[in-house]
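A short worksheet on the structure shown next.
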Amino acid sequence: MKECLGMLLAGGEGKRLGPLTSENAKPAVPFGGKYRIIDFTLSNCANSSIPTLGVLTQYSPIMLNRHIGTGKPWDMDRRDGGVTTLSPAIGKHGGDWYSGTADAIYQNIHFIDQYNPKYVLVISGDHIYQMNYQSILRQHKETAADATISVIEVPWDEASRFGILNTEDGLRIYEFDEKPAEPKNNLASMGIYMFTWSTLRKYLIEDAENKNSSHDFGKDIIPAMLEDNKPLFGYQFDGYWKDVGTIRSYWEATMDLLDENSGSPISVAREDMSKQIYTNEANLPPHFIGTSGTVINSLINSGCFIYGHILNSVIFQKVLVKKNAYINESILHPGVCVGEDVHLERVIVMENTEIADGVRIHALEEEEPIVINQENLSEYVAVREEIV
Amino acid sequence: MKECLGMLLAGGEGKRLGPLTSENAKPAVPFGGKYRIIDFTLSNCANSSIPTLGVLTQYSPIMLNRHIGTGKPWDMDRRDGGVTTLSPAIGKHGGDWYSGTADAIYQNIHFIDQYNPKYVLVISGDHIYQMNYQSILRQHKETAADATISVIEVPWDEASRFGILNTEDGLRIYEFDEKPAEPKNNLASMGIYMFTWSTLRKYLIEDAENKNSSHDFGKDIIPAMLEDNKPLFGYQFDGYWKDVGTIRSYWEATMDLLDENSGSPISVAREDMSKQIYTNEANLPPHFIGTSGTVINSLINSGCFIYGHILNSVIFQKVLVKKNAYINESILHPGVCVGEDVHLERVIVMENTEIADGVRIHALEEEEPIVINQENLSEYVAVREEIV
Amino acid sequence: MERMMGLINLEHEHHVFNELTYFRNNASLPFAGRYRLIDFALSNMTNSGIEEVAVFVRNKYRSLLDHLGTGDSWDLDRRHGGLFILPPDWNDPTDRSLGDLSFFHNNRDYFYRGKANHVLVSGSQFIANTDYKDAFKRHLIHDADVTVIYTDVDTIGPEHQAYYRVETDQDGWVTQMTNDHRNPNVFTGVYIIKKELLLDIVDYCIAYNYDNLFMNGIKERLQELKVYSYRFEGYHAFINTTESYYRENMKLLQEQNFLRLFQKPFIRTKVSSNPPVKYQAQAVVNNSIIANGCIINGDVENSILFRGVEVSEHSQIRNSIIMQRCKIEEDVYLENVILDKDVHVKSGQRIIGTKEKPYIVAKRQVV
Amino acid sequence: MERMMGLINLEHEHHVFNELTYFRNNASLPFAGRYRLIDFALSNMTNSGIEEVAVFVRNKYRSLLDHLGTGDSWDLDRRHGGLFILPPDWNDPTDRSLGDLSFFHNNRDYFYRGKANHVLVSGSQFIANTDYKDAFKRHLIHDADVTVIYTDVDTIGPEHQAYYRVETDQDGWVTQMTNDHRNPNVFTGVYIIKKELLLDIVDYCIAYNYDNLFMNGIKERLQELKVYSYRFEGYHAFINTTESYYRENMKLLQEQNFLRLFQKPFIRTKVSSNPPVKYQAQAVVNNSIIANGCIINGDVENSILFRGVEVSEHSQIRNSIIMQRCKIEEDVYLENVILDKDVHVKSGQRIIGTKEKPYIVAKRQVV
């Protein structure tokens with residue numbers, strides 16, 4: 001028996017991330033100079049002693065599966081438990097793709113039951129934050145809740161963009177308001193749920209039989225529980241939390257890493273051994289800064305060769321930046337090669353893209369940062385030449 | 001780059017195994033007192049230094065996934081490569097279930113390509129045999145074949161039950177005859193294929209576009225290659241090989257294990273370190289034979305307590321056989337509990353079944369062995385009482 | 001979160017095993033058909049939720065290294081925590097520490113590195129199948145400095161002599177630890193201690209030139225420390241002489257003892273790929289413990305056969321312990337015998353020892 | 001199938017590292033920003049397809065044990081094969097073996113156990129990034145008893161003195177191994193040998209009371225054995241003195257050298273969870289090798305920074321090697337300095353060594 005089992009929803013397609021997710025599941029998108037988005041949640045599980053975890057995949061999972069591998073970087077290559085990737089499968093009654101977050105868990109009831117857990121933690125793999133899930137579990141047990149939902153205060157004027165939890169004293173939830181036009185509260189759901197498994201199991205089965213349901217936790221399961229007056233509580237989180245669901249927010253969250261006062265995970269991990277971030281790391285040599293290279297206010301990973309100028313940027317492993325190149329407020333994914341005299345500003349360059357000498361690409365301050373890969377590179381280069 | 005990658009088809013439903021596969025994929029059915037059917041193929045891969053293996057699952061894969069785990073028992077928990085279970089996934093063009101053996105490989109072309117192998121070994125996880133796949137690879141390279149198919153001589157009068165390969169001198173294949181009414185040859189395909197990946201890749205893509213194809217290696221891919229006059233060769237195997245696709249053949253293959261002259265894998269493994277069989281072993285205490293127990297010509301695994309009489313039987317782990325019970329020519333799966341004075345003959349008892357004191361179940365010599373589980377047990381007990 | 005780390009301290013363990021420990025440490029002595037003594041201490045730790053275990057060992061540790069491997073059989077092949085075998089390898093010329101203090105002093109890093117704030121210390125000779133979760137809970141509730149685990153033995157044997165007896169007040173606080181032969185409350189060698197305190201005691205012992213952390217640092221300072229007691233109830237054995245080794249193996253042939261020792265949680269040991277036992281046509285096996293990989297065609301009674309033993313036809317084995325991969329040819333008679341690993345007994349041999357002093361054949365002999 | 005097993009033999013390695021090896025074996029000396037010397041020999045073996053490696057080590061092996069762990073960073077955490085660190089632990093009173101023969105003699109089991117029929121033997125002081133697949137192929141084609149790997153050095157330095165020079169006939173068979181200072185064909189300490197022959201040579205050396213397997217068993221018997229030569233071409237270093245250690249580190253700051261050493265296949269080392277390097281607003285870094293986990297706000301030139309080093313503002317580091325987790329406060333000036341792990345340099349310090357004799361600060365000092 002495991003006290004608490006984790007279920008990580010990593011099936012999202014992440015359409016708003018554009019080219020970043022055209023061949024790759026959102027949780028597998030590179031983030032933070034060294035990591036993939038899902039590493040932050042996986043590391044939270046490792047740091048919270050949640051050693052048994054199901055990762056639900058369905059969209060382009062090859063990269064994700066390879067990244068997770070046996071789970072070793074997170075010490076989840078366990079004999080009993082550890083990490084298991086769960087794709088949809090054919091059972092006795094034929095096969096079904098996951099049709100919603102609740103359905104994804106429903107289809108894996110057998111998986112969960114074999115560990116006979118008392119509590120199930122449902123999280124998703126597409127946010128950047130550091131949380132010790134033992135804290136939410138502790139509150140969940142203390143309040144004898146059936147569900148505990150992690151919430152964060154958002155600015156009032158943004159509240160209508162979120163799922164808002166309306167609570168009584170003691171954070172007991174009486175209403176879940178999905179993107180309310182006139183929010184009564186500014187506590188937004190972070191999509192992190194701690195459930196008492198026996199209760200959740202019952203609601204999942206009922207929900208699966210309901211043909212009108214969209215099989216979603218926020219839209220169906222939580223409202224059904226509230227209707228039955230079950231004890232549901234909010235768990236207030238006040239650390240750094242960032243959705244990276246759009247190109248702009250992805251870029252902003254990256255820039256946060258360069259600001260030591262933002263409270264973003266990398267600075268925290270340096271100071272606090274219990275908040276390390278683990279990833280499936282390539283075993284690369286340290287990076288090399290040549291005589292012509294300069295680097296200011298930036299993060300650079302191993303395996304790079306830097307001969308140009310890097311400012312306010314995040315550089316992943318195995319990047320080559322040649323002489324007189326000038327990179328500002330940009331993100332270079334693994335294996336990118338930047339030619340001589342290239343200028344990039346507010347640009348995200350995807351894995352293994354080679355940028356020829358002299359190319360200049362700028363996104364303006366008010367524009368969305370530009371995402372470049374080998375395929376669309378020629379469009380931007382052409383644009384530049386026209387301007388010239 | 002990997003020279004040779006293995007793809008193990010473990011998606012079969014195994015309908016002819018009746019209750020044995022009602023909740024379990026055929027490759028995960030227990031076999032040989034300690035193993036599951038797939039262990040024999042996995043161990044072949046381990047013993048043949050094929051360290052990178054994709055296991056294609058789709059039907060009830062939970063038990064199979066848990067059994068394979070990180071791949072540690074087969075030393076396949078590698079950083080680069082190792083074993084990966086592959087379930088169908090949603091890609092850019094929406095999701096598809098595997099519709100045939102060739103389709104299953106086709107859908108995983110990306111997985112294979114990432115290792116850039118020169119050769120791909122395609123095997124299935126539902127036969128009992130020991131083969132060093134390096135031998136078939138060596139022949140494949142020597143003959144510069146595009147495909148090499150392992151064949152075994154079968155009795156002429158049974159040949160029409162098999163896929164028969166008609167060959168010229170030097171085992172070059174000119175025709176594949178699926179269950180021929182009048183066989184020209186007695187070389188049956190064992191369903192073990194070594195392909196040159198660049199060739200197979202091309203045929204898989206063509207086959208996938210062919211709406212009339214059943215997407216099967218034997219029915220579509222091999223005939224298409226033969227039509228183009230590609231060099232295809234048979235690889236002659238003369239060891240022990242047994243299909244365990246029906247209850248009768250499953251039972252017979254088990255009884256073979258008790259015959260030291262049958263050449264069946266367990267006797268071979270005892271003598272030959274390079275033919276060990278590995279499994280995901282529970283760490284159980286040795287078994288205990290009580291003062292009232294007798295055991296003759298049988299296999300007994302660890303964790304058992306034997307107080308009754310065992311003859312010509314195979315007993316899996318954690319079985320309890322009480323006093324005066326009499327078990328002959330039977331197979332007791334893990335966790336079975338046999339009451340006092342029970343008589344079983346030619347019976348297969350499924351996992352964790354508890355048989356009450358005094359129950360007697362016999363299958364006659366000419367009958368198919370009876371498969372018992374907790375659900376159908378009452379039928380047989382009722383039958384017995386009616387007879388009484 | 002309150003957590004324990006584990007320490008198996010083999011220093012200061014008294015044992016008289018003669019032939020059986022010429023080439024191996026006492027902790028790697030084979031037991032009960034497929035185990036080594038250390039498996040019990042180690043499994044009890046992992047079953048208590050401990051994720052990092054150190055082993056202090058001075059010599060003959062090669063078979064131990066081999067047995068423990070990467071720690072994967074105990075799920076201790078971890079990137080954080082895991083298993084640390086710490087033989088002596090000290091190069092500080094200013095180091096003045098003695099006895100087991102040398103191990104503690106030279107391995108401070110191990111204690112600092114982990115997240116745990118309590119240490120569960122154990123030897124290898126107290127055999128039981130348990131976890132120490134309840135003991136740890138009481139240790140925390142009572143805010144004890146140290147909690148010593150003791151057990152109440154029915155008959156005091158020579159194997160208990162080396163262990164202190166525990167005297168407590170009515171609330172369970174330890175008042176004295178003695179050698180009183182009439183006191184059946186025998187200390188098991190297992191105790192839980194606050195990590196910070198442990199390191200303080202190390203400094204204290206080194207400062208005063210002491211050489212035994214438990215004796216000098218805890219037992220002799222019971223008045224200064226808050227030492228609580230926890231009574232272990234359940235099947236157990238103390239094994240530190242050949243006589244107790246043989247007797248405790250034989251005791252397991254009484255079914256209820258075997259059941260009590262091997263009920264869940266299971267003791268883990270190194271896994272192997274041995275096939276199930278093959279009983280052949282002439283096998284007659286009675287009241288015995290048989291490990292995988294054996295092939296039996298003879299007559300085995302009241303005996304323990306380790307992995308991969310072969311017994312040929314017309315051979316009889318009585319009240320004996322036959323270790324891994326021994327080969328018994330035809331027409332052999334063995335009674336009250338211990339065969340160490342890889343012994344080959346030739347056809348027609350007859351060996352009979354006594355119950356009190358079984359006949360021992362050393363590793364790899366051909367007899 | 002013809003296969004190799006690996007052996008890293010640290011016995012008989014000559015080295016003069018002084019402070020740097022007080023607490024660690026020479027094989028665990030940090031190198032090139034994140035490696036230890038042994039990583040090169042070990043990675044070259046696994047890159048050659050070797051799945052089992054033994055390490056013969058006599059003392060100060062604690063940091064080595066720690067660095068190698070379960071072997072998982074080299075994919076050597078295997079149930080079959082894997083990594084075996086074999087410190088001396090011998091208890092056979094009849095054993096008369098000397099020098100490295102003691103290791104060979106007492107670890108015969110290791111050689112018998114594996115499937116390989118050839119052994120690749122290496123020390124830790126020859127640094128290169130290569131695999132020995134081609135050497136092995138030629139070893140097999142020529143059916144050599146032994147194949148010694150040598151390299152042609154440009155300038156003979158003191159670090160090459162300890163290695164034999166190889167003389168061959170025109171077909172590549174070794175005719176002599178000498179100490180001839182003018183011969184630039186330096187033996188790398190790496191050789192491939194038939195396993196059965198190796199074990200024969202062990203017996204021969206023990207019978208004649210020899211204490212050095214290679215010297216007595218191979219080099220002195222070139223006429224009796226078929227010893228082939230294989231010339232290694234590529235970037236390499238021999239490191240066995242503080243001077244060569246410093247010089248070879250500094251050489252890597254020439255980009256083409258760094259590239260030649262670290263092109264594929266990659267050398268593997270223990271992985272850590274250090275985040276990428278943070279360059280702050282006042283960072284000025286020039287021609288340097290910087291490992292993950294560093295935070296830099298000062299001026300670094302021609303230097304190598306290991307993992308987790310902090311350099312504060314207005315500090316300057318020139319031609320220096322700064323090992324793991326050193327902390328450099330503000331206004332520090334370091335030139336031609338080697339700081340061992342965990343050194344803390346206080347604000348305002350100024351330390352200057354020479355290129356020939358860099359100033360070394362031992363582990364954990366505060367200066």
Side-chain angles (χ1 to χ4, degrees), chain A residues 32-35 39 43 46-47 70 72-75 77 257-258 260 264-271 273 275-307 310-320, chain D residues 31-35 39 43 70 72-75 77 129 252-259 261-297 300-310:
Chain A
K34 172 167 173 173
Y35 313 99
D39 287 338
S43 300
N47 291 327
T70 62
K72 191 159 210 48
W74 306 273
D75 253 345
D77 55 332
L257 299 174
L258 300 176
E260 264 132 63
S264 89
I266 291 183
S267 316
V268 174
R270 282 188 207 277
E271 303 295 321
M273 269 304 292
K275 292 186 175 163
Q276 295 297 297
I277 312 152
Y278 305 103
T279 187
N280 193 344
E281 193 182 336
N283 214 323
L284 297 169
H287 64 250
F288 189 95
I289 310 280
T291 43
S292 56
T294 61
V295 188
I296 293 172
N297 194 36
S298 296
L299 287 171
I300 303 193
N301 198 12
S302 42
C304 294
F305 288 83
I306 308 293
Y307 304 100
I310 314 280
L311 192 67
N312 308 318
S313 293
V314 172
I315 314 294
F316 284 73
Q317 62 272 18
K318 294 203 279 187
V319 166
L320 167 61
Chain D
F31 183 69
R34 70 174 290 199
Y35 301 95
D39 291 342
S43 300
T70 63
D72 65 306
S73 295
W74 298 266
D75 226 0
D77 54 331
N129 181 354
L252 294 177
L253 293 170
Q254 293 165 49
E255 184 210 346
Q256 71 277 23
N257 293 337
F258 187 81
L259 270 174
L261 186 57
F262 290 112
Q263 67 207 353
K264 283 194 176 177
F266 284 114
I267 298 298
R268 290 175 165 193
T269 187
K270 187 182 177 184
V271 296
S272 78
S273 60
N274 281 299
V277 178
K278 178 65 195 290
Y279 291 86
Q280 293 176 314
Q282 299 181 53
V284 183
V285 178
N286 224 281
N287 202 47
S288 292
I289 295 169
I290 316 284
N292 272 356
C294 291
I295 305 184
I296 302 178
N297 207 14
V300 179
E301 195 178 314
N302 294 323
S303 293
I304 297 180
L305 270 55
F306 283 71
R307 293 188 265 202
V309 169
E310 288 181 36

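Letters A, B, ... are given to chains in the order of the sequence lines, protein chains preceding strands, and every chain is numbered from 1.
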Region of D:D39 in contact with chain A, defined by heavy-atom distances below 4.5 Å: neither

message: Between D:I304 and chain A, with a heavy-atom cut-off of 4.5 Å, which part of the residue counts as in contact: side chain, backbone, both or neither?
response: neither

query: For D:Y279 and A:I289, what are the C-alpha separation, side-chain angles and deciding distance, and is it a side-chain contact (heavy atoms from CB on, under 4.5 Å)?
result: CA-CA 12 Å; D:Y279 291 86; A:I289 310 280; 3.4 Å; yes

Which atoms of D:F306 approach chain A - backbone, side chain, both or neither, heavy atom under 4.5 Å: neither

message: Quick check on the interface: out of A:Q317, A:R270, A:K72, A:E281, who has the most heavy-atom pairs with chain D under 4.5 Å?
response: A:R270

task: Flag the one option from D:T269, D:L305, D:I296 with the top tally of heavy-atom pairs under 4.5 Å to chain A.
output: D:T269

- prompt: So how far is it from A:L284 CG to D:R268 CZ, rounded to the nearest 0.5 Å?
  reply: 11.0 Å

Structural part of D:V284 lying under 4.5 Å from a heavy atom of chain A: neither

- prompt: Which of the residues D:A281, D:A283, D:S288 is involved in the greatest number of heavy-atom pairs with chain A at under 4.5 angstrom?
  reply: D:S288

- request: Could you grab the distance from atom CD1 of A:I296 to atom CG of D:N297, nearest 0.5 Å is fine?
  value: 10.0 Å

query: Among D:S43, D:G308, D:S272, which has the most heavy-atom pairs under 4.5 Å with chain A?
result: D:S272

field: chain D contact via A:Y35 - which portion, at a heavy-atom distance below 4.5 Å
entry: side chain

message: As an exercise: rank D:N302, D:N292, D:V300 by heavy-atom pairs under 4.5 Å with chain A and give me the winner.
response: D:N292

- prompt: To the nearest 0.5 Å, how far apart are CZ in A:F288 and CG in D:N287?
  reply: 5.0 Å

task: Find the distance between CG (D:D72) and CG (A:D77) and round it off to the nearest 0.5 Å.
output: 8.5 Å

Donor-acceptor under 3.5 Å (A:K34 side chain, D:N274 main chain): yes

- prompt: Say you draw a straight line from CD1 of D:I290 to OG of A:S302; how long is it, rounded to the nearest 0.5 Å?
  reply: 12.5 Å

task: Please state whether the side chain, the backbone, both or neither of A:I300 comes within less than 4.5 Å of a heavy atom of chain D.
output: both

field: Any donor-acceptor pair under 3.5 Å from D:R34 side chain to A:N283 backbone
entry: no

- prompt: Looking only at heavy atoms, what is the nearest atom pair of A:P286 and D:A32, with distance?
  reply: CG-O, 3.5 Å

message: As an exercise: rank D:G33, D:C294, D:P275 by heavy-atom pairs under 4.5 Å with chain A and give me the winner.
response: D:P275

task: Please work out whether the ring planes of D:F258 and A:F305 are parallel, tilted or perpendicular, with thresholds of 30° and 60°.
output: perpendicular

query: Contact part of A:I315 toward chain D, heavy-atom cut-off under 4.5 Å: side chain, backbone, both or neither?
result: neither

message: I'd like to know which of D:L261, D:I267, D:L253 tops the heavy-atom pair count under 4.5 Å against chain A.
response: D:L253

Heavy-atom pair with the smallest gap, counting every atom of D:S273 and A:I277: CB-O, 3.8 Å

